**Student:** 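After the structure tokens below, expect a handful of questions from me.
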There are 2 protein chains.
Amino acid sequence: MFEIYQLEHLVAITEYGTLSLAAEHLHISQPTLSRSIQKLEEELGFPLFDRLKNKMTLNESGELAVECARNVLKEADIMVQRLNTLERSRHTINIASCAPAPLWMLTPIVSRTFPNMTMSSEIRDIEELKKGLMDDTYQIVILPEPLEDNNIYSHKYCEEQLYVSLPPAHPLCGHKGIYMSELDGESMLLFSEIGFWSKLHKEKMPHTHFLIQHEAETLDVLARASAFPSFTSNLVMKSVGKIPNRVILPLLDEEATATFYICIKQSSNKKFNLLFNRTKFLSQ
Amino acid sequence: MFEIYQLEHLVAITEYGTLSLAAEHLHISQPTLSRSIQKLEEELGFPLFDRLKNKMTLNESGELAVECARNVLKEADIMVQRLNTLERSRHTINIASCAPAPLWMLTPIVSRTFPNMTMSSEIRDIEELKKGLMDDTYQIVILPEPLEDNNIYSHKYCEEQLYVSLPPAHPLCGHKGIYMSELDGESMLLFSEIGFWSKLHKEKMPHTHFLIQHEAETLDVLARASAFPSFTSNLVMKSVGKIPNRVILPLLDEEATATFYICIKQSSNKKFNLLFNRTKFLSQ
DNA sequence: AAGGTTTACGTTTTCCGTAAACATT
DNA sequence: AATGTTTACGGAAAACGTAAACCTT
């Protein structure tokens, strides 16, 4: 049987027109290429080129051979593509969440549990999360509700309760808790990537001027140095800590509480078993 | 890039289960096969097998690799099939005719015109001839009518007039010519492969007992040695000669005369140019 | 003369099979 | 002991590039 390199050579010759030019692009010598083709013809049992003393042109068989060779090479290319994709996926865990806080908690655990894996994490809206989990774009997805599907395993991960962080001089500070509507109309600091929470803010606080911060670090500095109210949550405070000199009031709106669920495909359950033992433990 | 032989080896291993068995069937040594796979894995950049000290089993990547390898090999196989088919067709001329006589005339000319070609000739019914010409089963077809099609070149080849060959004692011998119906009811010698003529005989002479002969040689001997009437034609007499001591009468039925046309695809016109120069000359 | 192809030839590389080591059943 | 895999090694085969020959434009 001929070999793939011979087919590559054949195609290269037709693409570059002459042996010499093709040889140059293939980084081999001209005689080597000449012999490669001779060998291919010998193996097939008939010539692929009409040979004049100083010119080679494809004959009828050659034309067909090139067409077929391209098909073989395409198939070979598909093979490496598919294998590389699989191999990459075997070493990557793509996590996506509807909100940032569960991600902050989960990513360190995943990293420690699978130290040889590359991990990516994203914040996406709920529909994208569901779709991405189904089509294997994401292996782990965090939703604010369990995903009812036979192929999906959902498991409760954590609850988040939003709070408002107010300067002590703020008129609402005396309350035990407040509703978002009570704050509406002020200027507030807000982190940009808050996932599905942003929808809540837009709905309940349409008149508020949000000072959107794209970096958590900057937000923290501004919150400490200014009198602007900002949001926080039980999870944020647990991981980042409280800001001193601030009054923390719970948001009383029903929607200011969320329960997050880790969702994975049943087919990858085995792979993530170890992970769940750890997340279960940590979520208690 | 990996090579085809490596894919063959990979597939062989999965088919025969173990390295040793596969190596045996591939007619190579076991270490050679072992290295071949190692090299494939090295080129891909990841292992395809889980290796125990004493056992190799495909891993996830390996399973996919085998699936893809089969596709590549299938494509390679298609390549040799198509090339071989083309190559064979380049050295073969398939002729088919609706009647034997034009074939007897044409085949020697084709043989002499294309001495390096393998030639096959068949007698088929008219519909088969048309279809076969279209789908390249036949390159040359002889029909009793021109084929009206833009892709087809038809050219008048010869005319055949049927005769009856009677023993001198036969009651019809005095006539200048006879109709087939006049002979109906007798026993007659008839060659088996007469193509579209047989339909005519069946229609016009339904009560005749045909003594079918499958060999031209035998038919000739019987015709010379017996008193049975038989058929002949201008073309037969021209190529085989007349039978002595027989009265030859033309058949007066309109259908006992046929004009034959050589039909080829326009696309093969160039190839058969030389042939037509000769057949035109000979048909005059 | 420039550009294209094939042949010749010596070197380098690769490839193969035997032998051996190692592990499992 | 039999079976299965990998490593080691030496000889054989092949593949490669340089050089040269040959041809056309």
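Note that the structure is a prediction, hence the values are computed from the model and not measured.
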**Student:** Is any side-chain nitrogen or oxygen of A:Arg51 closer than 4.0 Å to OP1 or OP2 of C:dT5?
**Tutor:**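 For A:Arg51, the contact criterion (side-chain N or O under 4.0 Å from OP1 or OP2 of C:dT5) is not met.
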**Student:** Within this structure, what is the CD-to-C1' distance between A:Glu41 and C:dT5, rounded to whole angstrom?
**Tutor:**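 One finds 13 Å between C1' of C:dT5 and CD of A:Glu41, rounded.
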**Student:** With respect to the side chain of B:Ser34, which nucleotide from C:dT6, D:dT6, C:dG17 is positioned closest?
**Tutor:**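 Of the options given, the side chain of B:Ser34 lies nearest D:dT6.
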**Student:** Specify the residue among A:Leu52 and A:His27 whose closest nucleotide of DNA chain D lies further upstream toward the 5′ end.
**Tutor:**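 Taking each residue's closest nucleotide, the earlier one in sequence belongs to A:His27.
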**Student:** Mind checking if B:Ser29 touches a base, just sugar-phosphate, or nothing, with heavy atoms under 4.0 Å?
**Tutor:**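 Touches a base.
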**Student:** Nearest whole angstrom, please: distance from the C1' of C:dG4 to the CD of A:Glu24.
**Tutor:**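 Nearest whole value for this atom pair: 13 Å.
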**Student:** When the distance from CD1 of B:Ile28 to P of D:dA13 is rounded to whole Å, what number comes out?
**Tutor:**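 From B:Ile28 CD1 to D:dA13 P: 17 Å.
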**Student:** Under 4.0 Å between a Lys/Arg side-chain N and an Asp/Glu carboxylate O for B:Arg70 and A:Glu75?
**Tutor:**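 Salt bridge: no.
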**Student:** When the distance from CG of A:Leu21 to C1' of C:dA2 is rounded to whole Å, what number comes out?
**Tutor:**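 That distance rounds to 15 Å.
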**Student:** Give the ring-plane orientation class for A:Tyr16 versus A:His25, where under 30° counts as parallel, over 60° as perpendicular and anything between as tilted.
**Tutor:**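 Ring orientation, 0 to 90° scale: parallel.
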**Student:** May I ask you to decide if B:Thr259's main-chain N or O and B:Glu159's side chain share a donor-acceptor pair within less than 3.5 Å?
**Tutor:**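 No, because the side chain of B:Glu159 does not come within donor-acceptor range (under 3.5 Å) of the backbone of B:Thr259.
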**Student:** So does A:Lys39 get a side-chain nitrogen or oxygen closer than 4.0 Å to the phosphate oxygens (OP1/OP2) of D:dA15?
**Tutor:**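 Looking at the OP1 and OP2 atoms of D:dA15, one of them is under 4.0 Å from a side-chain N or O of A:Lys39.
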**Student:** Any Lys/Arg nitrogen of A:Glu87 or A:Arg82 sitting under 4.0 Å from an Asp/Glu carboxylate oxygen of the other?
**Tutor:**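 Salt bridge flag = no for A:Arg82 with A:Glu87.
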**Student:** Quick one: which of C:dT6, D:dT5, C:dG17 gets closest to the side chain of B:Thr32?
**Tutor:**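 Closest nucleotide to the B:Thr32 side chain: C:dG17.
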**Student:** Looking at every non-hydrogen atom in both residues, tell me the closest pair between A:Met105 and A:Cys158 and how far apart they are.
**Tutor:**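 That closest heavy-atom pairing would be SD-SG, 4.1 Å.
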**Student:** What is the distance, rounded to the nearest whole Å, between atom CZ of A:Arg35 and atom P of C:dT13?
**Tutor:**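 Distance, rounded to whole Å: 16 Å.
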**Student:** Between D:dT5 atom C1' and B:Ile13 atom CD1, what is the distance in whole Å?
**Tutor:**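 Nearest whole value for this atom pair: 11 Å.
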**Student:** Find out whether B:Phe260 and B:Ser97 are in side-chain contact, i.e. whether some heavy atom of one side chain is under 4.5 Å from a heavy atom of the other.
**Tutor:**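 No, their side chains stay 4.5 Å or more apart.
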**Student:** Can you tabulate the close N/O pairs, meaning under 3.5 Å, that link protein atoms to atoms of nucleotides 19-25 of chain C?
**Tutor:**
| unit_1 | atom_1 | unit_2 | atom_2 | d |
| --- | --- | --- | --- | --- |
| C:dT24 | O4' | B:Asn54 | ND2 | 3.2 |

**Student:** Apply side chain to side chain donor-acceptor pair (under 3.5 Å) to A:Ser29 and list each qualifying residue two or more places apart in sequence or on a separate chain.
**Tutor:**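 Testing A:Ser29 for side chain to side chain donor-acceptor pair (under 3.5 Å), a comparison that skips the adjacent residues, returns A:Thr32.
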**Student:** CD of A:Gln38 versus P of C:dA8: gap in Å, rounded?
**Tutor:**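 Computing the A:Gln38:CD to C:dA8:P distance gives 11 Å.
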**Student:** Send over the distance from B:Gln6 CD to C:dC16 P, rounded to a whole Å.
**Tutor:**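 Those two atoms, CD and P, are 10 Å apart.
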